[in-house]
**Student:** 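Sharing a structure below in structure tokens format, with a few things to ask.
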Amino acid sequence: MREIYTYKKSAEMRQRIKELFDNPSYSTDEKKLALACNQVFMELYPELKVRWARIYGPRWAYLCGGSEEISIAFKKIRLNDRYGICIDNAHILSPGELEEIIDSLKECFV
Amino acid sequence: MGKVSVKEWMDNVIKPEQVEKYKENGKDFIDDGYIHELLLQKKQPDKQEIREIIAKSLELNRLEPEETAALLNCTDEELWHEMYEAGLKIKQKVYGRRIVTFAPLYISNYCVNSCVYCGFRGENEKSVRHRLTMDELREEIKALVKKGHKRLIMVYGEHPTSDVNYIADTLRVAYETKVGSGEIRRSNVNAAPMSVEDLKILKEVGIGTFQVFQETYHHETYKKLHPRGIKADYGWRLYSLHRAMEAGVDDVGIGALFGLYDWKFDVMGLLFHTIDLEKHFGGVGPHTISFPRLEPAVNTPFVEKSSYKIDDKTFKKLVTVIRLSVPYTGMILTARENAQVRNEVVSVGCTQIDAGSNIAIGGYSKDDPDHNRQQFILGDNRSLDEAIRDLAKMGYITSFCTAGYRCGRTGDYFMDIAKKGKVHHLCMPNAVLTFKEYLLDYASDETREIGEKLIEQEIAALPNDLVREKVLEFLERIEAGERDLYL
């Protein structure tokens, strides 16, 4: 049951983020895109502390999101050559849920 | 750079429209008359006023110019001691008991400018000119990595042979060069002001902080000391970090060279610079503030003649006032100062030092402090290991942490948590982890022994059990050979 729920949520996230990519007013503005993606993320996974970053070489420059908490289950995920996310509390998800989310996001950011 | 002459190149560097857009009614944010007036108005601050200002700083609020002017004019030594204590408290509150350590790496000293106080000025025939080749740069990086360094400030003269494309190439080499598990994880840049377009090139290759020091904020003095070259344009330099922020380089470093003009005026200049950056960029001011003092340089008589040179006691005061004025910003104390001064001043609120420094071009791989290849003469020649050991004896953990820069804790995110005094919650555990790496891989036995005790103390002081457990787990993994673990 939980797996179906996880799949449905990640499918919704995938669809909504793909729509953002299809909308030129978002896809041409890095900050706006990240803010909108973060909004989708917060609605679907309000418990997750996610920080969105633009990648420049080794530098992951802050775009939006995040928390002030100390990360005790930090997860850094490169979505493509340009964007990445950092989850400060990845431990609240099961490994399967986390993998599902990451795969869905990477599919959007190909 | 093809066949463009030096003059042609110089003629095309400055983009006036990228300066004018930030001015108000055609004026920059440094109003010399107003600064002098503020310093006069606050000539005799009373005790109560000073104590109220200190209290405001302790709550991590940036001071207003009239408040900083009052602190600068304080003559009561008892109050100065209260300010020194407040500086340390603020530093501990925002950044914890850690000192970030880096190495300066001079890459090229060809220069088109004529700064009368600088050993690299174009006219100085006694300065031996060199620009590192990429192979030479790799050797320099390897020498630094072998000593344990993880962070650099790469320094370049202003010249077409060290233009933005060369700087970008050197940054790539710095990041690519590895020695075993050792590597440079963050390369900051101190270079001449650039256009927004050029700064975007540096952003793309992963620049850390971009530093440009105004040297002096006093217009007339600036003009006298920079008679020719691109640097003669005060406004191009003054707004260089506005352009960097506009280009998306969200960590910038300001600074003034103390000894060129009245120290009180230049502290005020640093504050006005901070305020203007915050005004234009959503509350995000400089990531760091530097306050080097004028030092002797080869064939540079101006240095001996300057009437604005400041003594050690005044230096400590100016650093303290900067700490109190901008409580949440990193402060860099360089090896221009001797070890004794550094040990004294680090305790009034500094957050970063360089150590084991060699500022001769190509000096690390040759292990040679060739003064004719240096911009000035260094005051602190302790090795990295010695400096780290001395800091440890004073209770400071040396941090090589670069995690924030590599996981999106930059720009407004960093500034926001710094202003709330929460940086050390994130950075202290990572400081411990990088310190452990250093102790295992590079430290002398003596430093390791002192350092291990300090790590034990810091682990005990971590804010909660979950974090402590995680740090202990990571420390075990580092002992077992893993590297670059961070929270």
**Student:** For atom NZ of B:Lys93, decide whether the heavy atoms of other residues, nucleotides or ligands shown that lie under 6.0 angstrom number more than 12.
**Tutor:**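 Counting neighbours around NZ of B:Lys93, more than 12 heavy atoms of other residues, nucleotides or ligands fall under 6.0 Å, so yes.
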**Student:** Please check if atom NZ in A:Lys32 has more than 12 non-hydrogen atoms from other residues, nucleotides or ligands closer than 6.0 Å.
**Tutor:** yes
**Student:** Is it the side chain or the backbone of A:Lys31 that comes within 4.5 Å of chain B heavy atoms, both, or neither?
**Tutor:**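 Answer is side chain: those atoms of A:Lys31 sit under 4.5 Å from chain B.
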**Student:** Give the member of A:Gly57, A:Pro58, A:Ala53 that has the highest number of heavy-atom pairs under 4.5 Å with chain B.
**Tutor:** A:Pro58
**Student:** When you look at A:Phe74 and B:Tyr486, which way does the ring-ring contact (aromatic ring centres under 6.0 Å, His included) test go after all the steps?
**Tutor:** CA-CA 8 Å; A:Phe74 175 68; B:Tyr486 53 88; 5.7 Å; yes
**Student:** Is B:Glu204 salt-bridged to A:Arg82, cutoff N-O under 4.0 Å?
**Tutor:** no
**Student:** So for B:Tyr175, is it side chain, backbone, both, or neither that comes closer than 4.5 Å to the heavy atoms of chain A?
**Tutor:**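 The side chain, not the backbone.
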**Student:** Evaluate whether atom CZ of A:Phe21 has more than 12 neighbouring non-hydrogen atoms of other residues, nucleotides or ligands under 6.0 angstrom away.
**Tutor:**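 More than 12 heavy atoms, drawn from other residues, nucleotides or ligands, come within 6.0 Å of this atom.
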**Student:** Quick one: what part of B:Val205 sits under 4.5 Å from any heavy atom of chain A, side chain, backbone, both or neither?
**Tutor:**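 For B:Val205, the contact with chain A is made by the backbone alone.
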**Student:** Spell out, as yes or no, whether a donor-acceptor pair under 3.5 Å connects the side chain of A:Arg59 to the backbone of B:Ile207.
**Tutor:**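 Yes: the side chain of A:Arg59 pairs with the backbone of B:Ile207.
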**Student:** Let me know if B:Asp251 has heavy atoms under 4.5 Å from chain A in its side chain, its backbone, both or neither.
**Tutor:**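 Both parts, backbone and side chain.
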**Student:** Can you confirm whether B:Glu476 is buried at CD, in the sense that more than 12 heavy atoms of other residues, nucleotides or ligands lie under 6.0 Å from that atom?
**Tutor:**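 Incorrect, the count does not exceed 12.
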**Student:** Sort out for me which of B:Lys470, B:Arg186, B:Arg409 touches chain A most, counting heavy-atom pairs under 4.5 Å.
**Tutor:**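 Counting heavy-atom pairs under 4.5 Å, the top option is B:Arg409.
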**Student:** Has A:Asp81 got more than 12 heavy atoms of other residues, nucleotides or ligands less than 6.0 Å from its CG?
**Tutor:** no
**Student:** Below 4.5 Å from any heavy atom of chain A, which atoms of B:Ile417 appear? Answer side chain, backbone, both or neither.
**Tutor:**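 Just its side chain gets close to chain A.
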**Student:** Does a side-chain heavy-atom distance below 4.5 Å link B:Thr410 with A:Arg54?
**Tutor:**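 No - every pair of side-chain heavy atoms lies 4.5 Å or more apart.
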